[in-house]
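Presented below is the structure to which this report refers.
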Amino acid sequence: MDAQIAQAIELIRSRMPIRELVGRYVALKPSGKGVWKGLCPFHQEKTPSFQVSEDKGLCYCFGCKNGGDIFAFLQKIEGIGFREALERLAQETGVELPQFKGRSSGRKEALQILELTQAYFRANLSGSAERYLQERGLNPASIERFGLGYAPKSWDGLIRHLQGHGVDPQEAVEAGVLVEREGRYFDRFRHRVTFPVLDPMGRIVAFTARALEKDDNPKYLNSPETALFKKSQLLYGYPQARSTIRERGRAVVVEGLFDVIALHQMGFTEAVAVLGSSLSGEQAHLLRRADAAELYLAFDADEAGRKATLQSLNLEIARSFVVYAVLLEDGKDPGDLLLLPDGKERFEVALEAALPEVEYRFEAAAAGLDLKRPEHKQKVLEALKPRLISSEPFDPVVEKLKAKVISALELSPRALEDYLARARTPKRAASAAPDRTLGIGLARPDLTEKRLLRELDVIALLYSVPEEEFLQWALYVEDHTWPPEGSLLAEFMQAARSEQGKSRILRYFEQRGEGARLMDVLMKSPSFDQQNLEAHLNVALARVREVYYELRLDKLKAQLNSTADLDKTRTLTKEIQEVLQAIEAERRGYKR
């Protein structure tokens, strides 16, 4: 990590107390000096297991193992990347960030180009485009809130507008608003109503444009995916809906952009739209981070809509919501209701009559079938089988779905369980994860765990140092422990030398699988005066070296037991004595 960026990160941390940031999302109560507790925002719980440490600048849930510093928390709660979290907190705390190397400077230019493009579209909204929006029932407040605009028929109007602001056409191509063919540049969107697509931070990252002429295909034209825009990771209307989702504890998910705007105009400001054919895992995570407990899926009533609903229900994360399917009368879309005098009341009725997941799944599986015929019963079971087979010991949806199947198909509970037992594939014994300790000859699981815990203690101490001193102290640890290849500490040192910074290293170990254990140790380790760091660190290093010697001893003893060679036995015996002396020396060192 660049030294200037590291300094900016530390300055942001000093200006944004973690309690203040977390307190915007979680009701915190004091739980000791500098420690606060609250209900975890990342999973449902009744007893607070989420803890915030002001001294350490960290938060952590001892239940679901989610947490981190201010940057990690903001990333998880808002569903954004590290760079976005850094930029947002820098802006809020008044910290000027140095220009990122490489792609990041391009990201900033793309955002500026998209803002200039939006200004062009907004300035041109008039005439037929404005009348079209009015005919769809949209009022000026909705048009303003969602930033709707118009791309004129001109092939180069946007090009000239951007060039007037010093934008190179190729940069605009990379931002997704121009097209290049055989060295010539053209406006991507022409004679279309434009909808800006926002990321969770409220920044324009792409556009969707609706054709105004019937023979102009496609009806909706989207920006290409770019470094800023990944449609599976965003929800249309999310920034406008987030506060209501959190307040009401639910989200209404639709397919169309007009549907979102229409529902907001009718008062259903928790509405968002997918930017693909169905809800994705990333989009569901966004809703979870906005504290949605219930999802109302109001997709189209046609075959594609039913398929999209079922695909959304089959997401693993969807099982953390209570999910309903909303069915409108006569196959109408939510956007159609805006033109009806009782449109709001109709959608209220549809929400109240929404089918719970179990009912919707069964109706979709049984559609068009005669449930008295055995072969049709078989078809229903085959359609429902993937959801009926659950790895969870108690899955409430599965239990309710089984009860529905037993009742509707007139099966006995035993017959259904026998069917599911035959349908389950034999579970193979899970292959053990590769043991990183094999490279250094570990033979005892208790020593492996002991080494891991002591290495985590050292890493926790390193996390207490300021960012600008982190690498210096990391190298000090490496010089005084010589961590063996394959150990957690060796991998940590490798990451530290690459100058990733403390926050990025923590994310690295989360991906590797040790993030929760590291956070657990960080939160439980006692606070101490920075002046005493070296003394505390030397004790922790002695304890790490001790277990490294114990591992060496274990390996030597195994070699001794497996040899009959007299000379080798003498050599091994001498080495064992030397290692025993080294172990005793380390123990004396940290027990003084």
Side-chain angles (χ1 to χ4, degrees), residues 40 42-46 63-66 249-253 274 277-285 287-288 291-299 303 305-327 351-430:
C40 179
F42 303 114
H43 81 289
Q44 293 181 329
E45 61 176 7
K46 295 182 179 179
C64 70
K65 312 301 182 185
N66 267 307
R250 74 180 189 187
V252 176
V253 184
V274 297
S277 59
S278 62
L279 189 70
S280 71
E282 295 90 344
Q283 291 166 341
H285 274 291
L287 297 173
R288 191 72 192 87
D291 291 339
E294 298 176 342
L295 295 188
Y296 287 79
L297 305 179
F299 294 150
E303 180 61 32
R306 287 194 293 272
K307 184 177 180 181
T309 302
L310 289 172
Q311 285 178 343
S312 302
L313 290 173
N314 288 333
L315 290 173
E316 189 67 30
I317 186 175
R319 299 181 186 182
S320 63
F321 301 96
V322 178
V323 187
Y324 299 89
V326 181
L327 305 176
L351 287 179
E352 291 174 6
L355 289 178
E357 177 181 347
V358 168
E359 295 294 331
Y360 183 81
R361 282 184 180 277
F362 188 86
E363 287 197 10
L369 299 178
D370 180 358
L371 300 187
K372 297 295 183 182
R373 297 171 59 179
E375 65 271 24
H376 286 193
K377 290 183 180 183
Q378 181 76 18
K379 287 183 179 180
V380 173
L381 287 174
E382 289 296 319
L384 295 176
K385 181 172 65 176
R387 188 65 183 94
L388 285 167
I389 300 174
S390 173
S391 59
E392 296 294 325
F394 177 74
D395 187 325
V397 171
V398 168
E399 296 306 312
K400 291 177 182 177
L401 191 55
K402 285 180 180 179
K404 177 69 178 180
V405 166
I406 289 169
S407 172
L409 300 186
E410 298 179 346
L411 298 177
S412 69
R414 179 61 181 270
L416 178 59
E417 291 301 332
D418 287 347
Y419 168 81
L420 295 177
R422 291 191 300 271
R424 289 186 180 94
T425 55
K427 293 184 178 180
R428 298 179 180 178

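Throughout, residue positions are numbered sequentially from 1 according to the sequence presented. Fair warning: this is a prediction, and the values are worked out from it, not measured in the lab.
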Mind checking the [atom1]-[atom2] spacing from [X] to [Y]? Nearest 0.5 Å is all I need.
{"X": "Leu351", "Y": "Glu294", "atom1": "CG", "atom2": "CD", "answer": "10.0 Å"}
{"X": "Arg306", "Y": "Phe299", "atom1": "CZ", "atom2": "CZ", "answer": "14.0 Å"}
{"X": "Glu399", "Y": "Lys402", "atom1": "CD", "atom2": "NZ", "answer": "5.0 Å"}
{"X": "Leu384", "Y": "Phe362", "atom1": "CG", "atom2": "CZ", "answer": "7.0 Å"}
{"X": "Asp291", "Y": "Phe42", "atom1": "CG", "atom2": "CZ", "answer": "9.5 Å"}
{"X": "Leu371", "Y": "His376", "atom1": "CG", "atom2": "NE2", "answer": "9.0 Å"}

Here's a test for you: under side chain to side chain donor-acceptor pair (under 3.5 Å), which of Gln378, Lys377, Arg373 qualifies with Glu375?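 So the option named by the test is Arg373.
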
Looking at every non-hydrogen atom in both residues, tell me the closest pair between Ala325 and Thr309 and how far apart they are.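 Looking at all heavy atoms of both residues, the shortest contact is CB-CG2, 4.3 Å.
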
Is a side-chain N or O of Glu359 found less than 3.5 angstrom from the main chain of Pro356, in a donor-acceptor match?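 Here the side-chain-to-backbone pair does not exist.
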
Donor + acceptor pair across side chains of Tyr324, Glu352 (<3.5 Å):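 The answer is no; no qualifying pair exists.
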
Side chain to side chain contact (heavy atoms under 4.5 Å, CB included) assessment of Leu416 paired with Val405: CA-CA 8 Å; Leu416 178 59; Val405 166; 4.2 Å; yes

With a 4.0 Å cut-off on N to O distance, would you call Lys385 and Glu382 a salt bridge?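 Answer for the salt bridge query: yes.
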
Do [X] and [Y] have side chains that approach each other closer than 4.5 Å (heavy atoms only, starting at C-beta)?
{"X": "Leu287", "Y": "Val253", "answer": "yes"}
{"X": "Leu327", "Y": "Tyr360", "answer": "yes"}
{"X": "Gln311", "Y": "Leu279", "answer": "no"}
{"X": "Tyr419", "Y": "Leu411", "answer": "no"}
{"X": "Phe321", "Y": "Arg250", "answer": "no"}
{"X": "Val380", "Y": "Leu369", "answer": "yes"}

Using the test side chain to side chain contact (heavy atoms under 4.5 Å, CB included), find all partners of Ser412 that sit at least two apart in sequence or belong to another chain.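 Checked Ser412 against side chain to side chain contact (heavy atoms under 4.5 Å, CB included); matches are Arg414, Ala415.
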
Please walk me through it: do Leu313 and Arg387 pass side chain to side chain contact (heavy atoms under 4.5 Å, CB included)? CA-CA 10 Å; Leu313 290 173; Arg387 188 65 183 94; over 6 Å; no

Please assess Glu357 against Lys400 for the test salt bridge (charged side-chain N to carboxylate O under 4.0 Å, His left out), listing each intermediate value before the final yes or no. CA-CA 10 Å; Glu357 177 181 347; Lys400 291 177 182 177; over 6 Å; no

